[in-house]
*Asks:* 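My questions will all concern the structure given below.
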Amino acid sequence: MHFLTWSSLARMTRLQFALTHPDQQTTFGPRLGTLVVRSITLDTPTLLTSTSRGVIPHLSRDHVRKSPALAWLHVPFESFLEHTPPVPTLQPGPHPLHRFLGFKPDDHILSFDLRDPADVREMPPNGNSHVSAMCLRGVRKISPAQWRTYTNACQPDIVAALTDTPHRHPPFSQKRLTKSIDRSTAWLANLLATDDTLPPAPAPAVFVHLAGSTSHPARAAFTASLLEPLSPVNAALPSLDAGVTGYILDLAPLRATATAEPDSHSLLRTSLHALPPTKPRLAHGTPGPHALLRLLRDVGADAVDAPWAIAAAACGVSFDFEFPVRETKRAEDGAGKEELGCNLYDARYALDFGGLGGEREGGCACVACTDAQDRGRGRKQIVHGTDASEAADALAGADAHGDEALPGYTRAYVHHLLHTHEMGAHALLALHNLEIVRAFLAGVRRVLAADGVTGFAREVGRFEERYLELDADADGGEGEGDKGTVMREAKVMWAEVERARGKGRLAREREKEKGREKEDESV
Amino acid sequence: MEFEVLAKCHTTRARVSRMKLAHGITMLPTFMPVATQAAIKGLTSEQVESLGVSLILNNTYHLNLRPGLKILRAAGGAHNFQRWNRNLLTDSGGFQLVSLSKFTTITEEGALFESPFTGEPTMLTPEESISIQHTIGADIIMQLDDVVGPRVGEAMERSIRWLDRCIAHHRSSGKEDTQNLFAIVQGGLDPQLRDRCLDEMIKRKDGVAGFAIGGLSGGEEKDVFWRVIKQCTGKLPEDRPRYSMGVGFAEDLLVCVALGVDMADCVFPTRTARFGVALTHRGPLNLRLSKHAKDLRPIDAACPCPTCSDGTSRAILHHTVTHETAAAHALTLHNITFQAQVMGRARTAIMNGTFPDYLKTFFAEYFGDDGYPEWCVNALQSVGVDLLEHNNVKVVPGRGAKWEYAEPL
Ligand SMILES: [Zn+2]
Ligand SMILES: [Zn+2]
């Protein structure tokens, strides 16, 4: 492996990150920063949202654009391996991945990884020169060279180097962990290398998964391999870490091995201990807002995903929580902790004409809670036919009959959509829940800016006192400890409606469709 | 309702009119997307409105079950409930009652059925149907008609009597200013029965704001379908809108418009979107087909819908249809726009006196070498448009081949 030329300058200008508070530039702990890509500046900690098959679940492109929460999108590439070459790599023009997926280079940062960070299913083993990835047609083996090619063709803003995550059950053998670290290191080196015999080095900023799984020594060893000086004869890079823009913290695989949260945090600290604190850290797979806050407090992260926001939307849960918690009308003392949201399947919402956001100060800014309000006021509408003047009249007519600001969609309406198996329910809830998480992180930044690390820790405590934890991973059964039951209950009711409305009718149609799909494929 | 015919086609019976209802103006002819459960599949009301749609349909039978009248009343009506600020039409609930519930028996009093809530025998009378529609609050409401089976003559006569009861009930309600009652012409496929129904219902013109043509779109021969439509539009008064129920394929819409129909509705464009079919001026595209997998073109580069104007490729749609609801939303946005565009172009052509040319251009582009459905050729010939003039295209008997693979059965 040669590092003949070094394009770190090009890389560094792609993505700029700076911690903005001097007292927060420590290795562990909450931190404020700014991340700049092209003309996009994000204050950190910020939200990143994973796409599914290239789209934000339930949202049409216009709704994505109207959601300030969706500034950083994460694209697991594996679903595109169904075709060779993968179709996004065929997109011509600048910013091909943005263009193919309908994201705006001026508004959206795209990060790119092979695998879905939330998918912790057991997979066929990786090899020394390939990672096993999953697409609808089965498992695909992807080599580091292919990964470079795809990255070059897609031009995301950020690319994750391939990593070797052991997928069998722990504890992992010393040998397996050594192999995992060696491979992850080699694959990172491959992504950073510039060599005439290889395709050109990718321009995107390179992030690296902090490997080592559940083993402290393995994690320390991986970090050491990042920092190890490279031979000056062969390498233009002083170390692999010098080519790395940011670090990826993976919580889902740790949870899958039943690692308790404090132990996970301790493992992540082991990985980060020797690394420069100034690089951005991207965290995948916190199980809920509480865990997210504790990760920020105890480890420190700058971009976090919240797969539970869309998971909650998918099962009918509408978020209603705030950070910092407000003193207001707290239910009488001793009333116990509150749920983080409402299960809108519940009959109690059938006549609830309040908005999704509850009684938030200033209301919720999401499309579902506000979109209906500014209808007809110069809103762009497609005009069909030459009756433009008539259409304008029609608009005026809408004004004439009042055009009183309609409030946003109500809980009663979403309750109705859920029980009638209407997809719109999940679109409205996804828009709303993502905005609640965006506002929650904005609150985190406000508290950090105003009250610093200690103030933040105090507010995390108050948050934990106010709200039950999200039972995002729950699939039924009893609640436990400080966990709420809202997701669990919603999932049960979701399944009932799915059985009555979906399985009864739509699933049969779906079966029929499958049969037809086979015929179609042969056309 | 204010209804004014603005222009008539010099050749066919097509016309452009302006219909002003309590929630604004709708230009006719128009296609009404169906929001059965108070929602156009997956879209917000604001999105539907942004597509240039000003009139949608809710189904009374469904809304009466869920959310139910108590909730709709508390919400201040269906407009408010679904945040739809434009015009709304509801059906009578009778058709779905007969097709969706068990043991429906029609008596002179009304339709007797088993309540889906309690299992008790329950009666839907013409008065009750109107009352329910008053609570829903749609701008256009439909009479309860008798649509049961083989006794076509009897059902037609009863529909006339029920119209009288609907008119009386609607008048006494004091809702005539904001809600407009439409009659439904019945009589099956029998020209004599149709004629009698038309005569009787036209006599009641002062009590109704418009006329629907019912008893069709039930799988009858297309050659019979258009003849019934033509018979009805030939007799219906000029100064009332005409609504053909359950019509949604582009060629059906244009034939109906040429025969003098002003409004039509169908679940097809939104339903077919969920199964991955995009409607285009060159015929439907089934995006599930693997031939689209690497096609980076939009569905229709000239289409003004959000999906096409954003350049959403067929390839990414192929990748996501039937897997992600977002793909269904993208196609629904497109298909509703397509329907509106077919009708909008018809309005433009009628205004400009070029409607016969529009028909010819549309059929040539849409069917191309696949051949024209014979019934369309016949129907349009009957109103003076010869699709085959200067054109060697073949003629296909039956419904026409274009929908064979696109329509999920
Ligand atoms: Zn909201
Ligand atoms: Zn389009």
Side-chain angles (χ1 to χ4, degrees), chain A residues 52-62 79-80 83 87 90-91 99-102 350-351 353 367-368 371-372 375-376 379-387 390-391 393-394 397-398 401 403 406 409-410 412-413 416-417 419-420 422-424 426-428 509 512-513 516-517 520-521 523, chain B residues 18 20 22-27 37-39 41-47 49-52 54 66-67 71 74-75 81-83 85-86 275 286 288-290 293-294 296 304 306 310 312-313 315-316 319-320 322-326 328-330 333 337 340-341 343-345 347-348 351-352 408:
Chain A
S52 171
R53 298 187 75 76
V55 298
I56 303 293
H58 308 297
L59 300 189
S60 53
R61 289 182 177 188
D62 52 336
S79 76
F80 295 104
H83 293 277
V87 183
L90 304 174
Q91 178 75 54
R99 183 140 176 238
F100 186 72
L101 300 178
L351 275 160
F353 296 106
V367 172
D371 203 39
R375 212 88 65 82
R379 193 56 87 77
K380 228 171 68 183
Q381 270 186 26
I382 301 173
V383 174
H384 302 279
T386 53
D387 38 31
E390 288 294 341
D393 283 359
H401 85 264
D403 196 33
L406 292 174
Y409 290 97
T410 61
Y413 182 61
H416 165 72
L417 295 182
H419 279 278
T420 49
E422 286 285 336
M423 296 182 284
H426 308 295
L428 294 174
E509 286 181 38
K512 228 180 280 171
E513 281 302 297
R516 291 180 52 81
E517 239 159 68
D520 292 338
E521 289 299 335
V523 170
Chain B
R18 187 175 179 278
K20 187 169 182 188
H23 290 83
I25 293 167
T26 296
M27 298 294 294
Q37 310 273 16
K41 298 292 170 198
L43 305 189
T44 64
S45 294
E46 191 278 335
Q47 283 179 305
E49 196 177 335
S50 76
L51 303 178
S54 62
R66 259 192 188 278
I71 289 169
F81 186 62
Q82 67 200 297
R83 299 291 186 242
N85 220 1
R86 305 315 269 325
F275 294 113
N286 183 346
R288 295 193 323 265
L289 298 181
S290 47
K294 297 183 179 181
L296 296 172
D310 198 59
T312 312
S313 65
I316 186 67
H319 187 70
T320 45
T322 72
H323 300 295
E324 293 292 336
T325 60
H329 304 340
L333 288 165
T337 306
Q341 209 177 27
M343 297 302 251
R345 288 179 184 182
R347 291 195 298 272
T348 304
M351 295 290 265
N352 295 345

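Letters go in sequence order (proteins before strands), and every chain restarts at 1.
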*Asks:* Counting only heavy atoms closer than 4.5 Å, note whether His83(A) contacts chain B via side chain, backbone, both or neither.
*Replies:*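 Only the side chain of His83(A) comes within 4.5 Å of chain B.
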
*Asks:* Which value, rounded to the nearest 0.5 Å, describes the distance between Leu59(A) atom CG and Glu324(B) atom CD?
*Replies:*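 It comes to 10.5 Å.
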
*Asks:* Side chain, backbone, both or neither: which part of Leu101(A) has a heavy atom under 4.5 Å from chain B?
*Replies:*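 It is the side chain, since no backbone atom gets that close.
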
*Asks:* Does any heavy atom of chain A fall under 4.5 Å from the side chain of Ala330(B), the backbone, both, or neither of them?
*Replies:*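 No part of Ala330(B) comes within 4.5 Å of chain A.
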
*Asks:* Which answer fits Glu422(A), side chain, backbone, both or neither, if we ask what part of it has an atom under 4.5 Å from a heavy atom of chain B?
*Replies:*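 Only the side chain of Glu422(A) comes within 4.5 Å of chain B.
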
*Asks:* On the 0 to 90° scale, with breaks at 30° and 60°, tag the His319(B)-Phe80(A) ring pair as parallel, tilted or perpendicular.
*Replies:*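 Aromatic pair His319(B)/Phe80(A) classed parallel.
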
*Asks:* Taking all heavy atoms of Ala326(B) and all of Val55(A), pick out the closest pair and write down the distance.
*Replies:*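 Shortest heavy-atom separation between Ala326(B) and Val55(A) comes out as CB-CG2, 4.1 Å.
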
*Asks:* For residues Thr312(B) and Arg61(A), report the shortest heavy-atom separation together with the two atoms involved.
*Replies:*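 Looking at all heavy atoms of both residues, the closest pair is OG1-NH1, 3.0 Å.
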
*Asks:* Is the closest side-chain heavy-atom distance between His329(B) and Met423(A) below 4.5 Å?
*Replies:*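 Yes - at least one pair of side-chain heavy atoms lies under 4.5 Å apart.
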
*Asks:* Side chain to side chain contact (heavy atoms under 4.5 Å, CB included) with Ala315(B): which residues, sequence neighbours excluded?
*Replies:*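 Scan of Ala315(B) (side chain to side chain contact (heavy atoms under 4.5 Å, CB included), adjacent residues dropped) gives Val87(A), Phe100(A), Leu296(B), Ser313(B).
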
*Asks:* Within this structure, what is the CZ-CG distance for the pair Arg83(B) and Leu428(A), rounded to the nearest 0.5 Å?
*Replies:*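 Taking CZ in Arg83(B) and CG in Leu428(A), the distance rounds to 11.0 Å.
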
*Asks:* Can you list the steps and then say if His416(A) with Ile71(B) is a side-chain contact (heavy atoms from CB on, under 4.5 Å)?
*Replies:* CA-CA 10 Å; His416(A) 165 72; Ile71(B) 289 169; over 6 Å; no

*Asks:* Compare every heavy atom of Ser60(A) with every heavy atom of Leu333(B), then report the nearest pair and how far apart it is.
*Replies:*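 Result for this residue pair: CD1-CB, 4.2 Å.
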
*Asks:* Please find the pair of heavy atoms, one from Ser45(B) and one from Tyr409(A), that lie closest to each other, and give the distance.
*Replies:*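 Smallest heavy-atom distance, with atoms named: N-OH, 2.9 Å.
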
*Asks:* Mind listing the closest non-hydrogen atom pair of Leu51(B) and Ile382(A) along with its distance?
*Replies:*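 Minimum heavy-atom separation between Leu51(B) and Ile382(A): O-CB, 3.7 Å.
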
*Asks:* Taking the side chain as everything from C-beta on, heavy atoms only, tell me whether Leu90(A) gets closer than 4.5 Å to Lys294(B).
*Replies:*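 Leu90(A) reaches Lys294(B) side chain to side chain.
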
*Asks:* Say you draw a straight line from NE2 of His323(B) to CZ of Arg53(A); how long is it, rounded to the nearest 0.5 Å?
*Replies:*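 The CZ atom of Arg53(A) is 4.5 Å from NE2 of His323(B), to the nearest 0.5 Å.
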
*Asks:* What's the shortest heavy-atom distance between Tyr413(A) and Ala38(B), and which atoms?
*Replies:*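 The pair with the smallest heavy-atom distance is OH-O, 2.5 Å.
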
